[in-house]
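Here's the structure we're looking at; comments come further down.
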Amino acid sequence: MATAPHVITRFAPSPTGHLHIGGARTALFCWAYARRTGGTFLIRIEDTDQARSSEASAHGILKDLAWLGILWDEGPELPLVAPVSDRCGPTGSPAQVFSKTSPGAPLLAQHGSETRATGTIGGNPRGVGSFYQSQRLDVYNAVITDMLARGLAYADFSPPEKLAEARKAAEAAKQTFRYHPPAAEIAPLDEQQRRIAAGEKHVIRFRANEEPVRVTDEVLGEVAFGAGEVDDFVLRKADGYPTYHFGVVVDDEKMGVTHVLRGQEHLMNTPRHVALQQALGYRTPVYAHMPLIFNDQGAKMSKRERDQTARKAVKDAKLAGPPAGASIDAAAFTAWLGDTKRQLETGELESLAAAMNLALPEVSVDDFRKAGYLPEVICNFIALLGWNPGENREKFGMEFLAANFDLARIGKTSARFDRKKLLSFNADAIGAMQDTDLAARLLEWCAEYAPAEGERLRALGAERLALLARAVKPRARTLKEALRPAAFALVSDEELAFDPAAADKVLKANAGAGRALLLDLAKVLAALEPFEPPAINAAIEAFAAGRSLKTGDVAQPLRVAVTGSTVSPGLGETLAVLGKASTMKRIERCAAACG
RNA sequence: GGCCCCAUCGUCUAGCCCGGUCCAGGACGCAAGGUUCUCAUCCUUGAAACCGGGGUUCGAAUCCCCGUGGGGUCACCA
């Protein structure tokens, strides 16, 4: 092991949107591999598309990664408030980053035993940064200058329209278009330099050779690409920014990246990168192309899925214009509806879904977070989409990945993203949580996505909140779903509404038999001490038994009285969460309402 | 269309590299029972797969070839 080379992996997102679940898996594997080998995991922001990149997106991606517990050793710095021990919590608890809604305000971090008060993720210990490609232009330009001088690259002054035409013509002739002009068509170096100096618009192209390229991939094995597959692709765009291909190759070299793990959609880029590396005399890193993550349609999972879902719902509802409450421009809506390729802005799409009471399929980490999934479950689940430890084991945490992840067990076949199974995993994880942990998670989630409910929960106090968490545990598959069985505790005694149908059925029927029973039971409960779940349950059962009734006969009137509905968590926990005073008040109110 | 990748229950997969222990194991989902004060949880049981065809071999889910199917990719996006 001492002689093993130091592994450096990297995740290199382009900040043009939210962190996609597939990207999260790539990052997770890069992280896990670095952890496993005692290497370094770095993050580089590939913001070379001036039109589409944004700092907000970059920050969002970093924040999502941190939330997942995928922390980087080098890269952009992010302040962190973390119940984190080393790189992953002892129970796989995630990092806490600054709240999105209240930046600068650290979230509470009451779980995880080895809490670090504050800290920073990222940094530049080896001095290989910046980790934003837009800030590395002189690095790329130096390489370009060198390549130009050595004839490895050339300036191309032809307008993009001309190229597009040629491409179209080739397509019409059913030919594969490859740009590789004969040497005679390329201007001599001094002319190139003169025209560049004169400020003429141009791109810099790689002068590809005609060699076949052989790539050794850790998951796919040997992959051969025929001669001439690599064409004279662009290295530097007309705006002076590097293309993806160029930036990746240069930065991976300069940053010492040894292992490139990425999605299989990049496989066809690899010969380009290898050809470039060879021309420049760079190392070729170890490649591992991981299988794709599919949606239900068996195609690569993408954000478009959300638009498709919404579009279908709109069509099914036969809506001609934006529904009431949706903040979308009518013209934009119509254009979107008629063009299946078109995508709505995230905000527009979400307001539309909200207005239609429609659940959009989650595709970005943010979506899953909002839906109430646990970060450690997401990591567990996406790890399974392409990797498994064997031996029928499929539940594991970050520590396990950090200790056991390997390239050899990455599968070759694309996996469908099965939300049902994710949900089941999440439900299991919630079910296995300590009451107080779940309570804390609930509070965190509410702070972000349901502040009003969060306040109500907090007002319960630690003890009752923990009790509520226990009650809700087997009834919630996500943190969001926990709000439903907790609903009775989220309204005041005065606000509680009684479901009329339920009241008719269990309280008013048979000349108010249920109501009468309720009043008698109330006397027992009023005298009950301690007012705790086991005692409450015992009292209810004894009361029913004493009258030769089934427990359900007395439970249901009580349930409707204190929760307003025939469906709720167990009565012992429900009443204990409410407390005796509140319970009595609700019973009185109910009796009055049904009198 | 060119190039490239892939192929085990409906889905995720173990097994494949190092052929026999596989009438193929696990999980989600599904179905049927059971426990329970509602809802849920939980427990038990069940149905459910080696894409097709050729080889190689005493023997193939496992090795080879062809076919078929699916996917990816063909930008001054990454």
Side-chain angles (χ1 to χ4, degrees), chain A residues 12-16 46-49 51-53 133 156 159-160 163-164 167 170-171 173-178 201-205 215 217 219-221 223-226 229 231 233-245 247-248 263-271 289 291-292 294 296 298-300 381 384-386 388-395 408 411-425 427 431 471-477 484-485 502 506 537 540-541 544 550-556 558-560 563 565-572 574:
Chain A
S14 77
T16 55
E46 310 221 320
D47 55 348
T48 54
D49 184 335
R52 297 200 304 148
S53 298
Q133 288 190 323
D156 176 8
L163 227 166
R167 208 186 305 278
E171 197 180 313
K174 287 186 186 271
Q175 299 259 301
T176 307
F177 180 79
R178 265 192 213 96
K201 265 238 176 302
H202 68 281
V203 298
I204 302 295
R205 286 182 181 277
V215 176
D217 187 279
V219 353
L220 264 16
V223 185
F225 301 88
E229 282 295 310
D231 73 351
F233 59 94
V234 173
L235 302 175
R236 191 176 73 189
K237 302 182 268 187
D239 65 3
Y241 280 64
T243 58
Y244 162 71
H245 304 297
V248 157
Q264 233 169 69
E265 72 266 26
H266 284 294
L267 186 59
M268 295 307 283
N269 293 151
T270 312
H289 286 92
L292 266 14
F294 281 176
D296 292 327
K300 200 171 76 173
F381 187 73
L384 240 25
L385 260 28
N388 78 81
E391 294 171 4
N392 289 338
R393 175 169 188 160
E394 51 179 16
K395 298 277 180 71
K412 294 179 176 183
T413 38
S414 345
R416 214 162 287 228
F417 192 94
D418 183 356
R419 289 190 177 75
K420 287 236 185 77
K421 186 159 178 171
L422 204 217
L423 206 48
S424 164
F425 271 39
V472 132
K473 216 186 278 180
R475 296 171 174 81
R477 295 173 300 176
R484 204 162 289 281
V506 304
N537 285 331
I540 294 169
E541 272 158 39
K550 285 181 291 180
T551 312
D553 293 334
V554 315
Q556 286 304 75
L558 177 58
R559 170 167 281 117
V560 171
T563 71
S565 136
T566 51
V567 177
S568 88
L571 282 172
T574 299

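Just so it is clear: chains get the letters A, B, ... in the order the sequence lines come, proteins before strands, and each one is counted from 1. Treat the numbers as computed from the prediction; the structure is a model and nothing was measured.
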**OP:** Using the closest heavy atom to pick a nucleotide of RNA chain B for each, name whichever of A:A555 or A:F417 lands nearer the 5' end.
**Re:** A:F417
Original post:
Which part of the nucleic acid, if any, lies within contact of A:A224, taking any heavy atom under 4.0 Å across all strands shown: a base, the sugar-phosphate backbone alone, or nothing?
Top reply: sugar-phosphate
Please enumerate all protein N or O atoms sitting under 3.5 Å from an N or O of nucleotides 29-32 of chain B, with distances to 0.1 Å.
none

Original post:
Side-chain N or O of A:N388 less than 4.0 angstrom from OP1 or OP2 on B:A14?
Top reply: yes
Original post:
How would you label the contact of A:T413 with the nucleic acid (heavy atoms, under 4.0 Å): base, sugar-phosphate, or nothing?
Top reply: sugar-phosphate
**OP:** Can you check whether any acceptor in the base of B:U41 is under 3.5 Å from a donor in the side chain of A:R475, or vice versa?
**Re:** no
Original post:
Under 4.0 angstrom, heavy atoms only, what part of the nucleic acid is A:E229 near: base, sugar-phosphate, or nothing?
Top reply: sugar-phosphate
Original post:
Which is true for A:G240 with a 4.0 Å heavy-atom rule: it touches a base, it touches only sugar-phosphate, or it touches nothing?
Top reply: nothing
Subject >> Touch class at under 4.0 angstrom, heavy-atom based, for A:L571 against every strand present >> reply: base
Subject >> Cationic tip of A:K421 above A:F381 ring, under 6.0 Å, 45° of axis >> reply: no
Original post:
Which parts of nucleotides 70-78 of chain B does protein reach within less than 4.0 Å, heavy atoms only, written one letter per nucleotide 5' to 3' as B for base, S for sugar-phosphate only and - for none?
Top reply: -SBS-SBBB
Original post:
For RNA chain B, whose closest nucleotide is more 5', that of A:A415 or that of A:G552?
Top reply: A:A415
Show me the protein contacts with nucleotides 42-46 of chain B, counting only N or O atoms at under 3.5 Å.
none

